Each structure stands twice: as structure tokens, then as C-alpha cells.
Amino acid sequence: MYKWGFCFIILGDAWTSILVIIREEKDNCMSEQMDKKVVVPVAAKKRQTFRNHEREWADDYYWLRERENEGMLAYLRAENGYTEAQTAHLKGLQEELYDELVGRMQEDDRTVPAQRGAFEYYTRTEAGKQYKVLCRRPVGGGDEAIILDENVLAAEVPYFKLGLWLVSPNQNLLAYTANVTGSDQYSLYVKDLESGEMLLAGIDNLWTTFAWAADSRTLFYLVLDETQRPFCVKRHQLGTEPEADAVIFQEDDERFYLYEVAATQNKQYLTFTLSSKLTTEVHYLVADDPLGEWQVVAPREEGHRYTVEQAGDDFLIVTDKDGAVNSKLMRAPVNNHVLAAWEDVWPYDEAVKIDSITPFANFWVLTGRRNGLRFMDIVEPTTGERHGVDFPEPIYAVWLQDNYLFETDVVRLRYASLVTPPTVYDYNMKAHEWTLLKQEPVLGGYDPANYEMEQVMATAEDGAQIPISMVYRKGMERDGDNPLFLYGYGSYGHTVEPSFDHKRISLLDRGVIFAIAHVRGGGAMGRSWYYDGKFLKKKNTFTDFIACAEHLIAEKYTRPERLAISGRSAGGLLMGAVVNLRPELFQVVVAGVPFVDVVNTMMDPTIPLTVTEYEEWGDPNDETYFEYMMSYSPYDNLQAGAYPHLLVTGGLNDPRVQYWEPTKWVAKLRQYKTDDNLLLLKIHMGAGHGGSSGRYDYLDEVAFEYAFILHCLGVV
């Protein structure tokens, strides 16, 4: 039964009315036999009509983009209030989960110290404090010095995120970037580590990365344009006014952004990288000549991607030149690095995707993907000998970490698997010997022997074999009745690694299987895996995920009534698309900051980073791409019918997926859904794309999502 009414909300001196439906219903995600009146927010319809190519369409909720509109803000508050009311009965479970998550965390902890110059640096955390403390001490022993306390910096702001921090080459100064809004806008600061004086009180509207020149006085940083695209490199010299900072380079092609400015591993050169989704261009400068002229390694060529390091007299270049889709390693003399001078270090292997080369004085470390897993190979450059580093488990993830020294035979790495907590090792490249430095503590009696992991393959519509990584409590029976949490992403060539997360234990110990669908559009199986899930092949991402769900059901790991799915950002697009295609396949969906209003967003070049996304999704000014995007955009393909339980989250300050995308999607879903399942929207009014910045606040958000999932799956 439906009753129409008005809910009036006081906003300052203004009254704003929001049309709501008061619906008497029994919610099957609520406690058994619990009947209650539910106040469901319904956004007002204000039709706007759009036309592109030969198609015309209407959008009733376009007005929700009006950030300063009091009616829009009132609607967000009403949705947040509705979510809070609908989940009030889960508070006890949320608190229980939160206590578990915090209880597994070593609250007083410290990272493994890493040497930079005469000091070794580390971060530590203190019980009850949200943020990290950055410290250093002399190599060989000595007193600790706190060089930056994030808790102090965060005390006066609602949000705080430390970006990059770098100590000057002479070790006397600390430069760092910080974000206090949740957007992508950072500010740059410089602190004198001897006196504690702030030498630079903040240059605003920057991207997070920067680099020191060798003089410990000059900094190069990246400036954002009005769409928050890093488009300009500037040079700042301490003691001068930022307003006078010289523009080193400006990129006017909106497809490109300045990805990074950094020093090479041996600190002899500085580089900055221009990147679109398909093309790169690298510029370099001798680090001890900060006023010198930057040079181009290789001018951009459409579709040519490369990165640059330097060793001895050569540039080392990871490139997809000459059709090397998965990239290969080339070299060229620094003083003669024209494209024609590039030569292969060894023949291209299409079965191996090369990601990076890290040179040390006597060895190079090559990383990439082989057979769907990350690898690390050690190269002796004078002889060309190459050996792979063996890892102890069949499913794992590994990364290089904190390798700041050049004159060393030891490389530091971070290893983890779905059952093994992150572990830091030093690997001696000459002796082939491992040294265990630290394994992340997991409190509460965690024992990896109580869990199992496996990888299975699902068959996609076109026959492609889609990997699924899984972890579950030992003793799980494939009887079709297990609750299962399936996670997916599938864009930008990004791979969701099969690594450890202590938070998942709260799911595993309640009998939930956790699985990752390595769908196309991601990079698990190489660069072609990415290309087969973008542009006019984007729908492969969605049908791959559905194939994974169907495989897990057919093999009796679970059934639809016990299946939860989740994805964030572009993974939220995946959630919206598969819910439209197969709503009956899933019981509950969590879509975090979901990119679901694809067509409207891609048609608006004023939105942050839209034009740079043309090489991921396609340019809607091209009718072929426009029609294809229109055919899968979740917001534009909603139909009347039943939908799973849905929890949708967003951030008011999110520049990557604007708050209005999840908001409009939920507003329209309320119009079309015919079921009694929960549809909840939770907008963080003081954060952006990543949610809360404090570690305890973040765990509280995870506990909320887990409580929702577990209850809707009938686990608790």
C-alpha cells in the first residue's frame, strides 16, 4: 500500500520539501516478522532533454548535479537518514564486526626502516590514533626523530591524506603533499628538519607527485587545470615566491595528463611522464642542473607507450614498440637516444608482460606478469644472465618496496597471498638468499592453516577462460549453499591482486567464500586482456563477470540467493551493468562510488578527467562509440523489474566519480524497482573517492558494508 506525503526539512532559514513515499512493507532483509513503516526518499523529477547524433533522450534527475542546490543537499541528507534508519537494527552487528577488525590490527606498529642517505626512515602508528607518524633515526643507531605527525596535521581538518613525501638529497628538508578535502587537489609543503620551520607554507592546486633536484633547493611539481588534470610542470626554488615559479612545460591536449615527476633510481636524472591511456612521452633533465633544459626521450607517437630508467651510459626503456603488446626491454645511449638507436636487450616474449625495470649498481630487477601472476627476474647486465625469483605459493602477489639505495646487491620486496599476510623480505641478488624482515601481525589467533585458496577458470561467452581466485575456511563443502562474496573491477588494465586482507577474516570465519573475478578490461592475463575489455569490447567485462558467477553456481560453490557482489569506481560500473543484465543472479550488491552515468559524464568535457577517459571508453562525439556506450550505461538501461538488495556509496567531494552518479542512479532505481528489497544510498558528505581517511573511520565503513552483506545473505 502506498501513501503520498511530504517531509519538510529545515535548511538554515529556508524550508525545502522533498516528496517521499511512505510505504508499509515487510522488508525481507529485515528481522523475521518485522513490519514497519518505511519513509522512502523520492527525488523530484525535472525533465531535461538531450540530443546527440540522431538520438534524443530525457533525464529526469539531471538537476541533482547542482552542487549548491539546497533541494539536492536535502535529498542527500534524506537518503543518508533513510539508510541509517533502515540499518539501525544492524548496529550491534556492525559494532561486533568493527571490534573484530580493530582487534586483528596491531594498533601500535612500525614499518621496516628503509635507508636513505645517513638515516633510516619508517612510519609507526599509535593505538587510538587515526594516522601515521613519520620518523627517522641515524643508520647504525641513535635517537628517533619525528619528522611529520599526520595526526597533528589532521586535527583541524575533516579529512586528511598525505600524498608523497620526500627528504631532500642533503637530508635536511622534508617536502610533502597533503589533501584536506578528499578531492585530487593537493598542496605542497617544505619543512626544515633541523629547526622545524616551515620553509614553504603550501602551494595549492597540485597533483600529488613532485621531485627534488640535486641542489636540495629546487623542486619540480605538477599543477592541475580547471578539470583537475595535471597539465603543467613548474619549478620552485626555496626562498622565492611561488607566484614567480617558472613554467617548465604545459600540455594543452586534454587527452594527456602529467602522470609523474620523479628521479631515476640512481638519482642522476629527473623525468616527467606525459600519458594518455594509449600513448606516453618522457622528458628528462640532469638532476644537478635544475635550471637546464628538459629533453624528450622520444616524441609521442599515437599508440606508443614507454617508460624510462637510466643505468650507466644507457636509458633502459620498457616499451610496446614494434607491436610488442606486452612490452619489451630496450636500451639506448643517453647521448644518442633517438628512436632509431633503440635496441632490444633480448627478444620479445609475447607470453611475458613486462611492467618495469629497476636498475641497481650491479643488477637490474625486472617485474611483470607471467601466467597471470606477478614475477620478479634478476638480470646481471654485464653478462646478460637472468634468473627468476621463486615464490612459495601457487597464488600470490609481490611488489618492490622502499628501494632507495643504488649501490646495493639487496632488493626489498613485499609478498602476500590470499592466506599469507604481507611479508617484507630482503633478497640478495648476488647470493640468491632471502632475509625475512617482518610479517604483518594479525592478532586474534589467525592461523593460515585454517584457510585454503584456489584458482578456477570460468568459460566466457566467446570461450575465453576467466581466472577466479578464491579463499575460504578449510572444510568448506561444495553443496551449493555457501555464502559467497565475488569482487570485480575490469578496467584500465588494473589487476586486483590475490593478496591478503585481514578484514576478510570476519567473512571467512562466518563461512563466506571470498572470490576475485579477473575479468577482461583488467590486466591479469596481459595487455591484450585489457584491450579485449575496453572501447567496443567493453561488454566482455560484464559478460565475463556473469560467466564467473554462473560457474561458481554450477560448480556448487554457492547459489544466487547466497551470492553477494561488489565493485568500486569502474568496478561500480560493472556492478550496475550486470545488475541490469542478470538481476536474478545476485542476492546483494555493494557498488562503491560507481561510474554508472556513463553517457552524461562522457559527454561533458568540463567534468574532471573526462577527456582523458576518451581512450578508455571511447569519444561520444563519434556516433559508433556513443551508441555503444548508450547500450550498456547502467543509468540509461534501467527497466522496471526486481533488483537485488543494493547498497550504493559515494563522496560529495569525489572528482573522479562525481557524487551525482550514484545519487541519480538510486533516484531512478526507486522509480523502476518493483521488489521490496533494500535500496540504500550513503553519501559521505566530507570525503571523496576513497572514503574516510582515518584508519578507524575506514574500518567502521567496512564494518557497515559487511554487516549489510551478511544480513542480506542470511548469514547472521
Side-chain angles (χ1 to χ4, degrees), residues 29 83 87 90 94 97 101 418 466 468-472 482-491 494-499 501-508 510 512-519 521-522 541-542 544-546 548-549 552-553 557-558 560-583 585-596 634 643-651 657 661-662 665-666 669 677-682 684 689-691 698-715:
C29 189
T83 296
T87 57
L90 300 178
Q94 181 182 347
L97 288 163
L101 300 181
L418 289 168
I466 315 301
I468 309 171
S469 301
M470 287 190 289
V471 61
Y472 42 80
N482 298 295
L484 191 147
F485 185 116
L486 180 62
Y487 188 84
Y489 187 73
S491 292
H494 172 71
T495 301
V496 181
E497 300 288 356
S499 60
D501 186 344
H502 76 83
K503 299 185 293 298
R504 292 188 201 127
I505 300 170
S506 288
L507 299 177
L508 303 179
R510 288 173 171 84
V512 179
I513 300 170
F514 178 81
I516 304 167
H518 300 289
V519 295
T541 304
F542 316 141
D544 285 359
F545 190 86
I546 289 170
C548 290
L552 294 170
I553 292 167
Y557 287 95
T558 191
E561 296 80 8
R562 302 280 270 170
L563 179 55
I565 62 173
S566 181
R568 290 182 55 83
S569 194
L573 162 65
L574 172 60
M575 295 300 101
V578 300
V579 163
N580 282 349
L581 291 169
R582 294 290 304 278
L585 201 57
F586 316 107
Q587 175 71 3
V588 55
V589 181
V590 176
V593 290
F595 174 44
V596 284
Y643 289 86
H645 298 291
L646 275 154
L647 171 62
V648 184
T649 66
V657 178
E661 295 210 32
W665 187 43
V666 168
L669 269 165
N677 290 334
L678 281 179
L679 171 59
L680 304 180
L681 175 67
K682 187 177 183 181
H684 197 311
H689 200 64
Y698 169 69
L699 290 180
D700 192 54
E701 291 178 0
V702 173
F704 174 81
E705 293 185 7
Y706 280 7
F708 178 79
I709 291 168
L710 291 169
H711 196 75
C712 290
L713 290 179
V715 176

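Keep in mind that what you see is a predicted model, and the values were worked out from it rather than measured.
In this structure, Y472 and Y557 have tilted ring planes: the angle between them lies in the 30° to 60° band.
A distance of 12.0 Å separates OG of S569 from CE of M575, quoted to the nearest 0.5 Å. Here CD1 of I466 is found 3.5 Å from CG of D544. Values are rounded to the nearest 0.5 Å. Atom CD1 of residue I709 and atom CG of residue L90 lie 11.5 Å apart, to the nearest 0.5 angstrom. For the atom pair CG of L507 and CG of L484, the computed distance is 10.5 Å after rounding to the nearest 0.5 Å. Here OG of S469 is found 9.0 Å from CD of E497. Values are rounded to the nearest 0.5 Å. L646 CG to F708 CZ: the interatomic distance, rounded to the nearest 0.5 Å, is 7.0 Å.
Counting only residues at least two apart or in different chains, salt bridge (Lys or Arg N to Asp or Glu O under 4.0 Å) contacts with residues 565-583 comprise E550-R582, R582-E584.
Here the options are F485, F545, Y487, the test is side-chain contact (heavy atoms from CB on, under 4.5 Å), and the partner is I565; only F545 passes. A side-chain contact (heavy atoms from CB on, under 4.5 Å) with F542 holds for exactly one of L574, N580, V519; it is L574.
Taking the side-chain contact (heavy atoms from CB on, under 4.5 Å) definition, one finds that V579 meets it with V589, Y643, P644, sequence neighbours left out. Residues that satisfy the side-chain contact (heavy atoms from CB on, under 4.5 Å) test with A549, not counting sequence neighbours, are L486, L563, L585, F586. Applying the side chain to side chain donor-acceptor pair (under 3.5 Å) criterion to S499, with sequence neighbours excluded, gives no partner residue. In this view, S491 and Y489, K538, A570, E616, W617 satisfy the side-chain contact (heavy atoms from CB on, under 4.5 Å) rule, not counting sequence neighbours. Looking at residues two or more places apart in sequence or on another chain, you find a side-chain contact (heavy atoms from CB on, under 4.5 Å) between Q94 and K91, D700, A703, F704, A707.
Closest approach of L418 and M470 over heavy atoms only: CD1-O, 3.6 Å. Residue P634 comes nearest to L573 through the heavy atom pair CD-CD1, 3.4 Å, listed as atom of the first residue, atom of the second, then distance. Contact between R510 and L710 at its shortest, heavy atoms only, is CD-CD1, 3.6 Å. V657 approaches P662 most closely through the heavy-atom pair CG1-CD, 4.4 Å. Closest non-hydrogen pair, V596 versus G576, comes out as CG1-CA, 4.5 Å. Nearest heavy atoms, P594 versus T649: CD-O, 3.3 Å.
Not a single donor-acceptor pair under 3.5 Å links the side chain of S506 to the backbone N or O of L97. Side-chain N or O atoms of R562 include one that pairs as donor or acceptor with a backbone N or O of L713 at under 3.5 Å. In terms of modelled atom types and a separation under 3.5 Å, the side chain of T83 and the main chain of L681 share a donor-acceptor contact. Although no hydrogens or angles enter the test, the distance criterion places a donor-acceptor pair under 3.5 Å between the side chain of T558 and the main chain of N482. Between the side chain of Q587 and the backbone N or O of C712, at least one donor-acceptor pair lies under 3.5 Å.
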Before you tell me yes or no, could you show the steps for L680 and V648 under side chain to side chain contact (heavy atoms under 4.5 Å, CB included), namely the whole-Å CA-CA distance, both residues' side-chain angles and the distance that decides it to 0.1 Å?
CA-CA 6 Å; L680 304 180; V648 184; over 6 Å; no
Using side chain to side chain contact (heavy atoms under 4.5 Å, CB included), reason through R504 and Y706 one step at a time and then give a plain yes or no.
CA-CA 9 Å; R504 292 188 201 127; Y706 280 7; 4.2 Å; yes
Could you please spell out the steps behind the side chain to side chain contact (heavy atoms under 4.5 Å, CB included) verdict for L508 and V471?
CA-CA 8 Å; L508 303 179; V471 61; 4.1 Å; yes
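Looking at T495 and H518, their side chains never bring a donor and an acceptor atom within 3.5 Å of each other.
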